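One structure is given here, and the rest of the page talks about it.
Worth saying up front: this structure is predicted, and the values here are computed from it rather than measured.
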Amino acid sequence: MNGGPREREQTRAERLRARLRAGETVIGGHVFFTDPEISELLGYHGFDAVWIDAEHSAFDLNTVLGHIMACASAGTASLVRVAWNDPVRIKPVLEMGPDGIILPMVCTAEEARAAVRSCTYPPQGVRGFGPRRANRYGAMESGAYVEGCERALLRILQIEHRDAMENLEEILGVEGVDLLVCGPCDLSASYGHLCDTRNPEMLAVYDRFARSCRAAGVPFGVSLSAGDRTSIREWLARGANFVGCGDDLAYMDLGCRATFDFLRESGWTR
């Protein structure tokens with residue numbers, strides 16, 4: 001029996017961060033329904049990460065916690081998008097111990113720095129100390145928790161406004177950011193193309209976003225609809241490190257449509 005020191009086991013966030021920095025493509029799925037079984041299902045079906053959407057869903061904090069725990073059960077990374085880049089909204093989610101936090105509508109370098117500070121304890125940041133599930137309900141010694149909590153969290157910023165594109169190079173220079181994710185719907189709206197995410201002007205914007213991130217050596221990705229296979233292929237070709245390939249609502253919609261298409265092809269009529 002080896003009595004030497006044991007090698008520290010990597011967290012899910014560390015494994016995902018290593019893959020992103022190595023240039024691999026991580027595949028994510030989004031959840032909007034409140035039932036945490038959906039996050040568990042996505043994990044068991046092979047998604048590398050589950051995007052738990054607390055911005056556009058009916059989630060309360062208890063619902064978010066259930067999804068985080070379901071992801072852990074399935075061995076997949078939990079990434080929680082909060083409703084706004086606000087330390088008051090960020091803090092209680094961090095105490096639940098997610099593998100990553102997604103901050104929407106970051107448009108300037110200062111907003112990016114504020115996001116990082118909200119996820120970081122003093123003196124570098126402003127996060128208040130009160131971990132609950134994050135330190136295994138006190139089963140983890142406080143010193144060990146504080147020493148490792150920075151590594152155990154991915155800080156993800158969303159680029160979804162033309163102001164962010166104008167400030168992109170400055171945002172890319174902010175320390176402590178693990179991933180930038182393009183949000184095509186809101187980004188296209190800010191250019192006057194609401195719901196027209198494949199407008200030629202937007203395709204050029206996406207290309208510039210990808211080039212800038214690659215040049216800066218910052219992992220980047222996108223959040224897409226499950227049915228948008230053309231865009232998924234294009235983002236893979238751009239070298240995206242994260243591709244969110246749809247959500248539970250879209251998967252159900254696609255499944256229902258495919259079922260009724262098959263029934264009609266088989267001779268069924270209403």
Side-chain angles (χ1 to χ4, degrees), residues 8-21 26 28 49-55 61 64-65 67-68 71-72 77-160 164 167-181 183 213 216-221 241-242:
R8 184 183 61 83
E9 183 179 353
Q10 280 191 320
T11 65
R12 279 184 295 273
E14 287 177 293
R15 291 193 293 271
L16 215 57
R17 183 182 292 113
R19 291 180 58 190
L20 294 169
R21 291 180 178 176
V26 169
V50 175
W51 177 306
I52 301 165
D53 200 288
E55 180 182 9
L61 290 174
V64 172
L65 176 60
H67 280 280
I68 292 172
C71 288
S78 56
L79 311 177
V80 180
R81 175 164 69 173
V82 295
W84 198 247
N85 181 18
D86 177 351
V88 175
R89 294 181 180 270
I90 295 168
K91 179 167 53 177
V93 173
L94 294 181
E95 312 302 25
M96 301 177 193
D99 301 302
I101 188 123
I102 304 166
L103 293 313
M105 201 60 73
V106 172
C107 294
T108 67
E110 181 49 42
E111 289 175 0
R113 284 189 286 269
V116 173
R117 287 195 300 270
S118 295
C119 300
T120 308
Y121 288 122
Q124 291 81 15
V126 297
R127 178 183 174 187
F129 190 81
R132 295 297 180 261
R133 183 177 176 276
N135 71 344
R136 302 178 185 176
Y137 311 103
M140 178 184 291
E141 192 271 327
S142 293
Y145 166 71
V146 171
E147 192 276 331
C149 65
E150 299 294 321
R151 297 189 300 267
L153 180 72
L154 293 169
R155 297 160 188 81
I156 303 167
L157 310 184
Q158 275 204 277
I159 301 300
E160 45 187 348
N167 297 315
L168 185 58
E169 278 64 37
E170 290 81 4
I171 292 172
L172 286 165
V174 174
E175 293 290 331
V177 176
D178 294 295
L179 177 69
L180 293 187
V181 175
C213 291
V218 176
F220 70 97
N241 306 107
F242 174 88

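At least one side-chain heavy atom of Ile52 sits under 4.5 Å from a side-chain heavy atom of Ile68. Using a 4.5 Å cut-off on side-chain heavy atoms (C-beta onward), Leu154 and Leu79 make contact. Considering only heavy atoms from C-beta on, Thr120 stays 4.5 Å or farther from Arg117 through its side chain. Side-chain contact between Leu180 and Pro219: absent, with no pair of heavy atoms (C-beta onward) separated by less than 4.5 Å. For the pair Val181 and Ile159, the minimum side-chain heavy-atom distance is 4.5 Å or more. Lys91 has its side chain out of reach of Pro87: every pair of non-hydrogen atoms, C-beta onward, lies at least 4.5 Å apart.
Environment of CZ in Arg133: crowded, with over 12 heavy atoms of neighbouring residues, nucleotides or ligands closer than 6.0 Å. In this structure, Arg132 places its CZ atom where only 12 or fewer heavy-atom neighbours from other residues, nucleotides or ligands lie under 6.0 Å away.
Atom-to-atom distance recorded for Glu9:CD and Glu14:CD is 10.0 Å, nearest 0.5 angstrom. The distance from atom OG of Ser118 to atom CG of Leu103, rounded to the nearest 0.5 Å, is 7.0 Å. To the nearest 0.5 Å, atom SG of residue Cys71 and atom CH2 of residue Trp51 are 13.5 Å apart. Here CG of Leu16 is found 11.5 Å from CZ of Arg21. Values are rounded to the nearest 0.5 Å. In this structure, CD in Glu111 is found 7.5 Å from CD1 in Ile171, a value given to the nearest 0.5 Å. To the nearest 0.5 Å, atoms CG (Leu157) and CG (Asn85) are separated by 7.5 Å.
Ala112 and Val174 get closest at one heavy-atom pair: CB-CG2, 3.9 Å. Minimum interatomic distance between Leu179 and Gly221 (heavy atoms only, all atoms of both residues): CD1-N, 4.1 Å. Nearest heavy-atom pair, Arg17 versus Asp178, reported as atom, atom and distance to 0.1 Å: NE-OD1, 2.8 Å. Across all non-hydrogen atoms, the minimal contact from Thr11 to Ala152 is OG1-CA, 3.7 Å. Of all non-hydrogen atoms in Leu94 and Cys119, the two that sit nearest each other are CD1-CA, 3.8 Å. The minimum heavy-atom distance between Gly100 and Leu153, with the atom names listed, is CA-CD1, 3.8 Å.
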Handout entry: Stepwise side-chain contact (heavy atoms from CB on, under 4.5 Å) test for Asn241 and Phe220
Key = CA-CA 6 Å; Asn241 306 107; Phe220 70 97; 3.7 Å; yes
Problem - Chi angles and distances behind the side-chain contact (heavy atoms from CB on, under 4.5 Å) call for Ile101, Ile156 - result: CA-CA 6 Å; Ile101 188 123; Ile156 303 167; over 6 Å; no
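Taking 4.0 Å as the cut-off between side-chain N and carboxylate O, Arg155 and Glu150 count as a salt-bridged pair. In summary, Glu110 and Arg113 engage in a salt bridge, as defined by a charged side-chain N under 4.0 Å from a carboxylate O. Arg127 and Glu95 are joined by a salt bridge, as a carboxylate oxygen and a charged side-chain nitrogen come within less than 4.0 angstrom of each other.
Side-chain atoms of Asn135 come within 3.5 Å of backbone N or O of Gly138 as a donor-acceptor pair. Counting only distance, with no hydrogens or angles, the side chain of Gln158 and the backbone of Glu160 share no donor-acceptor pair below 3.5 Å.
Under 3.5 Å, the side chains of Asp99 and Ser78 contain a donor-acceptor pair of N or O atoms. No hydrogens or angles considered: nothing links the side chains of Gln10 and Arg151 as a donor-acceptor pair under 3.5 Å.
Relative ring orientation between Tyr145 and Tyr121 is described as perpendicular, the plane-to-plane angle rising above 60° on a 0-90° scale split at 30° and 60°.
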